[in-house]
Amino acid sequence: MTTTQPAGQAAPPGTTQLMTHREILEVLAGLLAALFTALISSTIVSTALPTIIGDLNGTQTQYAWVITTSLLATAASTPIWGKLSDLYNKKILVQASIVIFVVGSVIAGTAQNVPVLLGARVIQGIGMGGLTALVVAIIGTIIPPRERGRYSGYMGAVMAVAMAGGPVLGGVVADSLGWRWCFFVCVPLAVIALFLLQKTLHIETERKDGVSIDWLGATLLTAGVSVLLVWVSFAGKATYYDWISTQSAVLVGLGVILLVATVLVESKVKSPIIPLPIIRERTTALAIISSVAVGVGLFGATTFLGQYFQTARGHTPTEAGLLTIPMVFGMLVGTVGSGQLITRFGKWKGFVVAGAVLQVVGFALLSTIDHETAMWVIGLMIALLGLGTGMLMQNVVLAVQNTVSVHNIGAASSVVAFFRTFGGAIGVSVLGSVLATRVTDLTAQGFAKLGIDTHTPGGGGNLNLKTLPEPVQEVVRASYGDATGRIFLIAAAVAVVTLIAVAFLPNKPLRTTIDLQPSESDKEYAKV
């Protein structure tokens, strides 16, 4: 067993010396700078994407895939990075992921056509997958769970700022410097993060003899996830295939077969990418369920909040970004406040359950909005949603880290992050399909009242509203505004699943040491 030694005292052999608060903050500066760079690269593009696709003469399908390819690469690579972090030096790996991300950003910024841009987004996604897994793993390696709440709060705050600040920054950069700088602006931040980590982060690697990477499992996992994400990305689209169709059956069947093969391989190999004993542990299993639901609700629903502000209410991209500030304020209060209180009292479950309740209430209230709802009312609703999300998301990871040994923190943390990203991909696709279907129905009704033939393509499929006559613009805006409530209603139902999952999490006290006595899952994993 690994024990710990108080900061400032020499660590005897076989112990891990705790870092001082100042040393932890110095390391966090580099880690959070890297994480912020990766996160903002996704949100900054969302505002500039119409300009990017227009300049590169892309299609609507390519528009969607600029987001999907990055998300797919992030989800598929996260568990691989997490496994690598349990085998190799975490400092070198996080620096490698930053370099990969920078390379992808430079290629994206210089892309002259959409295929090159998509390839660059895949490279960015691989780097972001590394940062997503490694930042959490490193925090779990250097900070005891009892103290980790306050620092996890800082990470949640950075995530909140990136989510809200990205759309605003993207609008400003695209309007003033050009869309290519939406990719270039991330490079200096990444270089700063590299410098800070090189100077402040010092982690010893404890690698077990005879451990190898399960490349077959990694390939099967990536392929299975890719097939299912392709399915949810295009199912239900008028120009592709229905949810219930031969194409859907083939893709779902292939994806399930690949994932079943992954489970079989992971149960047999010596060093699996996703350790099944860890997943079977009650805390991790429930955290995975809640993370999928959080991903579906949070990423899926909030993706369309900006579209609501712009399309339904007529605001500019910059204004739409500013209108999300109440949500980011709620997330800041939720993450930082709950983190500080958890560190002070050592109690975590009450905050997680309360966060899940607030998330359900927030989505339920948002399900009532339409194209005339007062903006200050919406501001209060999304502030409540942000507060619940802030109390919930990072603290679920904390609960998982509290149940595994330091040797398996990377794998356990990355598995939770992987399923949250996967849930987000499903949410974006499914809720987007629901929104499109509802908008089509409402615009058809509106056009019928105007005497427009609803059997021909109308304004419901045209988001460049300035090119449409004023009466048609009003129909389209009202349709988007009235349809948005339905996707929040679905998100509320999914959030109930999160609430049920976290309610059954074992309320284990947070330990005050870096490592723990090996749990049953760790012992079983060690025998594999």
Side-chain angles (χ1 to χ4, degrees), residues 2 4-5 7-8 10-11 16-42 73-74 77-78 80-109 120 123-144 147-148 150-152 154-159 161-162 183-207 213 401 406-407 409-411 413-414 417 514:
T2 302
T4 56
Q5 184 76 6
T16 300
Q17 181 169 325
L18 296 178
M19 301 174 66
T20 66
H21 179 61
R22 179 177 178 179
E23 290 171 338
I24 291 174
L25 289 180
E26 289 175 347
V27 173
L28 277 181
L31 291 175
L32 296 183
L35 183 63
F36 178 78
T37 302
L39 290 173
I40 205 169
S41 72
S42 298
T74 300
S77 64
T78 295
I80 298 173
W81 283 106
K83 182 58 183 176
L84 290 172
S85 74
D86 287 332
L87 301 175
Y88 302 106
N89 186 278
K90 293 180 177 64
K91 176 178 179 178
I92 294 176
L93 288 173
V94 74
Q95 289 177 318
S97 64
I98 293 174
V99 171
I100 292 172
F101 176 80
V102 168
V103 170
S105 298
V106 172
I107 296 175
I123 297 173
Q124 280 189 306
I126 293 173
M128 188 172 175
L131 292 172
T132 301
L134 293 164
V135 169
V136 176
I138 291 173
I139 289 176
T141 301
I142 64 177
I143 308 171
E147 298 295 321
R148 203 174 298 154
R150 62 199 276 193
Y151 300 109
S152 295
Y154 299 151
M155 185 169 67
V158 167
M159 294 176 67
V161 172
F183 297 103
F184 293 147
V185 75
C186 299
V187 175
L189 292 174
V191 172
I192 292 172
L194 266 177
F195 173 78
L196 290 173
L197 290 173
Q198 180 62 34
K199 182 179 179 180
T200 62
L201 182 60
H202 306 285
I203 299 179
E204 295 183 2
T205 304
E206 298 182 16
R207 180 176 178 178
I213 300 295
Q401 292 180 342
V406 70
H407 303 288
I409 276 182
S413 302
S414 63
I514 294 290

Would you compute the distance between atom [atom1] of [X] and atom [atom2] of [Y] and round it to the nearest 0.5 angstrom?
X: L32; Y: T37; atom1: CG; atom2: OG1; value: 10.5 Å
X: I123; Y: I100; atom1: CD1; atom2: CD1; value: 9.0 Å
X: K90; Y: L31; atom1: NZ; atom2: CG; value: 12.0 Å

Closest approach of [X] and [Y], non-hydrogen atoms and distance?
X: G104; Y: A120; value: O-CB, 3.5 Å
X: A34; Y: I98; value: CB-CD1, 3.7 Å
X: F101; Y: C186; value: CE2-CB, 4.1 Å
X: L131; Y: S97; value: CD2-OG, 3.4 Å
X: F184; Y: V106; value: CE2-O, 3.9 Å
X: A193; Y: A33; value: CB-CB, 3.9 Å

- Message: The test is side chain to side chain contact (heavy atoms under 4.5 Å, CB included); show your working for V94 and W81 and say whether it passes.
- Response: CA-CA 9 Å; V94 74; W81 283 106; over 6 Å; no
